Each structure stands twice: as C-alpha cells, then as structure tokens.
Amino acid sequence: MTNAERKEISHCIALLERASALFDRFGNTVPVAIAFLNGWPTEVQLYPQWQLGESWRFFLSLYLYWFASFALSRAVSFAKGSIAP
C-alpha cells in the first residue's frame, strides 16, 4: 500500500470518526423527536401500563440508537487499528 492510498484511507476513517462522534452526541434525539411528533409517550408510565401502552417503543428505540452508536465507534477503532503500519 502506498502512502497516497494510506492517506486517503486515513482521511475516510477520520470522516467516519467525526460522523460517529456526531451520532454519539445527537443520535438519541432522533427517537425522542419521533416520539413527540407521533404523540407517544408524553409521560413515563409504570410497569403494568408500560406493557399495555406504547412507551416500550420509545425506550427500545433509545437503546437501539445507543447500541448503534457503540457499534459505530467500535468499527472506527477497528478500522484505525487495521490501517496502522
């Protein structure tokens, strides 16, 4: 691999790292915005109502976005490790 190729790949990894940092910082606002645009839930419900109501979708989406953020940051760290000379 030449230095020009390595530099181009490093640039792409740096862009992905910036996108990962932005997703990590603002990714949780996506499910919150969707929840309030759809009108569910506007209050946190207790466990019996949580099973019957729609609030489980909100919490599930928060956890899914958090997991996606974690996976993206791990992918960036693995990509950085694989390009190191």
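Since the structure is predicted, the reported quantities are computational estimates derived from the model, not experimental observations.
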## Note on the structure
Taken to the nearest 0.5 Å, the spacing of S73 OG from F78 CZ works out to 10.0 Å

#### Entry: Y63: hydrophobic cluster co-members (side-chain, 4.5 Å)
none

### Task
For S77, enumerate each residue passing the side-chain contact (heavy atoms from CB on, under 4.5 Å) test, keeping only those at least two apart in sequence or located in another chain.
R74

### Query
For the residue pair A79 and I13, what are the closest heavy atoms and their distance?
O-CD1, 3.6 Å

### Query
By the rule that ILVMFWY residues connect when side-chain heavy atoms come within less than 4.5 angstrom, directly or transitively, which residues belong alongside L15?
none

### Query
Who else is in F26's hydrophobic cluster (ILVMFWY, side-chain heavy atoms under 4.5 Å, direct or via others)?
L22

## Note on the structure
For residues 19-34, the side chain to side chain donor-acceptor pair (under 3.5 Å) pairs (sequence neighbours left out) are D24-S69

#### Entry: Separation of L16 CG from H11 NE2 (nearest 0.5 Å)
12.0 Å

### Message
Quick check: closest heavy atoms across G27 and Y65, and the distance to 0.1 Å?
### Response
O-CD2, 3.4 Å

### Task
Rounded to the nearest 0.5 Å, what's the gap from CD on E8 to OG1 on T2? Could you check?
9.0 Å

